[in-house]
> 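Dropping a structure here in structure tokens format, bear with me for questions.
Per chain, numbering begins at 1; letters A, B, ... match sequence-line order.
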Amino acid sequence: MPFKIDPKNVDNQQIAWLLRAIAAAYTIKNGPYFKIVAYNNAADEIEHLTTPITYLWQQNRLDEIPNVGQHIKKHLDELFRTGQSKHFNRLLGDIHPAVFILIKVPGIGAKTADKLTKHFKFPKKSEEKIIKTLISLAKQAKIQQIAGFKAKSQERLAKLAAEYLADISPKRFLLSEALEVAEPFISFLQQHQDLIKEAVVLGSLRRRLPTVGDIDIAAKTNKPDQVVKLCSKYPFFKEYETAGSNKARIVLTNGYRIDLVTSPAFKFGSLLQHLTGSKFHNIALRERALEKGYSVSEHGIKDLRTKKLHHFDNEVDFYKFLGLQWIPPELRENKGEIELAERFKLPQLIDKNDVLGDFHIHSDFDISTSHDLGRSGLKDLVIKAKNLKYHFLAVTDHNPKKALASDQKAGLFKKRNRLIDKVSQQFDFCLFKSLEVDINPDGSLAIEKNLLDLFDFIIVAVHSRFDMSSSAMTDRIIKALAYPKVKILAHPTGRILNKRKGFEADWPKIFKVIKKRSQAIEINASPYRLDLPDDLVRLAVKTGVKMTIGTDAHADKDMDWMKFGVWNARRGWAGPDDIINTWSIEKLKKWLKK
DNA sequence: GCCGTTTTCGGCCCGACTGTTTTCAGTCG
């Protein structure tokens, strides 16, 4: 099968898939094991890349990608120049194209896919037809007729394929959604202190990723079988999907699943570390341990000379044994944290308690806004802020509809400003008069320039035309940033988690402009957005660009979303000084005048 | 095929689970 691409129209996922196809081809041909690993590693990197790989290629920067060395670089270069690679085509040529579709189904690997396509007739194109063919073969009980498969494998394949087709297979939940399921269950477990000493979330949930694949919880106990039994007493318990003596998967009445694992106290630290991940962090950790003569697993750390297995009841001691500073879960992605932990030089991360205010709040004051109005009054917002021990809030209602006459707008703004002053005085609380203004497709602002003086500062954001090219979007944003009073670029990539991919833009270029103009970029803390994405937070930290966290609250209770913004900031290695929410009011006022 | 404060050669994470090929292969996280 000659594999052709349009170099102008190929994304990172497709390139990652191609490299996995190469790995699969080597697997089928019993090629060298470490070549297979190398291609898969390169695919992993490219899949998680934050810049389009074609963009890196244009700038001759492919060798900046870890796990892409001289050989893969050469093949990719040919692919991007000519639309295909001779070497890849040679490798893929004699393998049925359906193999590379079938391996996308979790649970089906190269060998299985190869056997299937050799024994049965599969369509060459159409992902849907290929998967349906597999389902139909299983239903006709044909798969169990070939060597290596019996009824059970056949059943399993049919199930995997059906799940893939229905897209009910691993759907990722929002972090907030997963916590709403996990936290009440943990409270339930902790009510039984005689049985359970501690219960914590694991995996991507503990590392605070914006979306998580499953809800894993660890319980520290000496009576694992009793803990497994206890689950059935949980008020929202529906059934056990699996239940062993040490672990269980339970289904709740609302359909969510929870994976529970148990561990005795003396090795709880190792288990916690292992199941927190990430996979890449753990691999790097084990490689490093091996150099020092230790083998790491969820059971502990084994000294390869003495064969002694060391147990750890907590993570601090686990990392210490390996000569490392304890690493906050949000950093465990193998992005350089291990090297810094080795020198005890991990950055100080921002903490929820460092936050002194919220930069993005919508009130119910009606200025005939272009987008949705808030639902809470100013007073309630200030009461909430005081409960959160804040020192300030920025009131950032949406700009009025464009159709409204300029002097009508001015009248509304002045009326709003009087109310803000009144509430501020009444509660002795600092309120900034701000506005969230749309950036028009041409980069102009959706409000008259002469009205900007009525505000302490302006937040700008893209709310329309997300489909522009990267360079047009970059120009659009940079033009908007040049207006007076503009201090913050809100929800910068426009992504809505699980719904809309963020748009692409030349972020390094935009960051440079923001830094030069003493502006800031927002980490939108809404659990539906979490925008800036963490890798761009990291870029902001590296290049010295300041950030604000704003909840984008449309009701007082939404102000509790701040924690999501803080976690996202921590995932991007941000410290207190990178985030303007930690600044004193005097410092803020000085910054606003810059 | 990738990578480097013990290496430009010689290494490359670890264990669980599942199903089937009674000793292992495939897949996953």
> Once salt bridge (Lys or Arg N to Asp or Glu O under 4.0 Å) is applied, do any residues pair with A/Glu337, and if so which ones, sequence neighbours excluded?
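Expected list: none.
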> Roughly how many Å apart are B/dT22 and B/dC28, using the C1' atom of each and rounding to a whole number?
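The same atom, C1', in both gives a distance of 24 Å.
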> Using the P atom in both, what is the distance from B/dC13 to B/dT20, to the nearest Å?
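Looking at atom P only, B/dC13 and B/dT20 are 30 Å apart.
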> Would you indicate what A/Ala110 reaches in the nucleic acid, counting non-hydrogen atoms under 4.0 angstrom: base, sugar-phosphate, or nothing?
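A/Ala110: backbone/sugar contact only, no base atoms under 4.0 Å.
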> On DNA chain B, nearest-nucleotide positions of A/Lys152 versus A/Asn282: which is more 5'?
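The residue whose closest nucleotide sits nearer the 5' end is A/Asn282.
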> What ring pair (Phe, Tyr, Trp, His ring centres under 6.0 Å) pairs are there with at least one residue in residues 110-162 of chain A, not counting sequence neighbours?
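Every candidate ring pair (Phe, Tyr, Trp, His ring centres under 6.0 Å) pair involving residues 110-162 of chain A fails, so no pair, neighbours aside, qualifies.
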> First contact, last contact: which nucleotides of DNA chain B are these for chain A, 5' to 3', heavy-atom distance under 4.0 Å?
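Terminal contacting nucleotides, 5' to 3': B/dG1 to B/dC28.
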> Quick one: look up who B/dG29 pairs with, Watson-Crick or G-U, both distances under 3.5 Å, and put none if it's unpaired.
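Partner of B/dG29: B/dC14.
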> Which value, in whole Å, describes the distance between the C1' atoms of nucleotides B/dC17 and B/dT6?
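Per the computed distance, 38 Å lies between those C1' atoms.
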> Among residues 312-334 of chain A, which contact DNA chain B at a heavy-atom distance under 4.0 Å?
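Within residues 312-334 of chain A, no residue comes under 4.0 Å of DNA chain B.
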> Under the rule for side-chain hydrogen bond (donor to acceptor under 3.5 Å, both in side chains), what residues qualify as partners of A/Glu504, not counting sequence neighbours?
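Per chain and number, A/Glu504 pairs via side-chain hydrogen bond (donor to acceptor under 3.5 Å, both in side chains) with no residue.
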> Any carboxylate oxygen within less than 4.0 angstrom of a Lys/Arg side-chain nitrogen, looking at A/Asp94 and A/Lys29?
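Looking at A/Lys29 together with A/Asp94, the answer is yes, because their closest N to O distance falls below 4.0 Å.
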> Rounding to the closest angstrom, what is the interatomic distance between B/dG11 and B/dA16 at atom P?
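Those two atoms are separated by 26 Å.
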> Is it the case that A/Lys104 places NZ or CZ above or below the six-membered ring of A/Trp17, under 6.0 angstrom from the centre and within 45 degrees of the axis?
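Output yes; distance and angle both within limits.
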> Looking for any heavy atom pair under 4.0 Å, which part of the strands does A/Pro32 touch: base, sugar-phosphate only, or nothing?
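The residue A/Pro32 makes no contact with any strand.
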> Just call it for A/Gly109: base, sugar-phosphate, or nothing, with non-hydrogen atoms closer than 4.0 Å on any strand.
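Sugar-phosphate contact only.
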> Tell me whether the count of non-hydrogen atoms from other residues, nucleotides or ligands lying under 6.0 Å of OH in A/Tyr234 goes above 12.
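Result for OH/A/Tyr234: enclosed.
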> Any salt bridge between A/Lys73 and A/Asp77, counting N to O under 4.0 Å?
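No, this pair does not count.
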> Under 4.0 angstrom, heavy atoms only, what part of the nucleic acid is A/His274 near: base, sugar-phosphate, or nothing?
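No contact.
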> Could you measure between the two P atoms, the one in B/dG26 and the one in B/dT21, and give it in whole Å?
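The answer is 13 Å between these two P atoms.
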> Do A/Leu230 and A/Phe188 come within less than 4.5 Å of each other through their side chains, counting heavy atoms only?
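Of all side-chain heavy-atom pairs linking A/Phe188 with A/Leu230, at least one is under 4.5 Å.
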> Quick one: side-chain hydrogen bond (donor to acceptor under 3.5 Å, both in side chains) partners of A/Lys501, sequence neighbours excluded?
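A/Lys501: no side-chain hydrogen bond (donor to acceptor under 3.5 Å, both in side chains) contacts found.
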> Distance check, P atoms only: B/dC14 and B/dC9, in whole angstrom units.
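Their P atoms lie roughly 26 Å apart.
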> On a whole-Å scale, what distance lies between the P atoms belonging to B/dT5 and B/dG1?
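B/dT5 and B/dG1 have their P atoms separated by 23 Å.
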> Relative to the 5' end of DNA chain B, which residue comes earlier, A/Lys150 or A/Lys279, by the nucleotide with the nearest heavy atom?
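This one resolves to A/Lys150.
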> May I ask you to say what A/Ile36 touches in the nucleic acid, namely base, sugar-phosphate or nothing, with a heavy-atom cut-off under 4.0 Å?
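The answer is nothing, as A/Ile36 stays clear of every strand by at least 4.0 Å.
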> Categorize A/Tyr33 for me: base, sugar-phosphate, or nothing, with a 4.0 angstrom heavy-atom threshold over every strand shown.
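Result for A/Tyr33 = nothing.
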> Run the numbers on A/Asn568 and A/Lys563 for side chain to side chain donor-acceptor pair (under 3.5 Å), then give the verdict.
CA-CA 9 Å; A/Asn568 199 60; A/Lys563 62 184 178 192; over 6 Å; no
> Using a cut-off of 4.0 Å on non-hydrogen atoms, how would the nucleic acid contact of A/Ser295 be classed: base, sugar-phosphate, or nothing?
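Touches sugar-phosphate only.
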> Considering every strand and a 4.0 Å limit on heavy-atom distances, what is the contact class for A/Ile72: base, sugar-phosphate, or nothing?
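Result for A/Ile72 = sugar-phosphate.
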> For A/Leu285, which contact category applies under a 4.0 Å heavy-atom criterion: base, sugar-phosphate, or nothing?
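Result for A/Leu285 = nothing.
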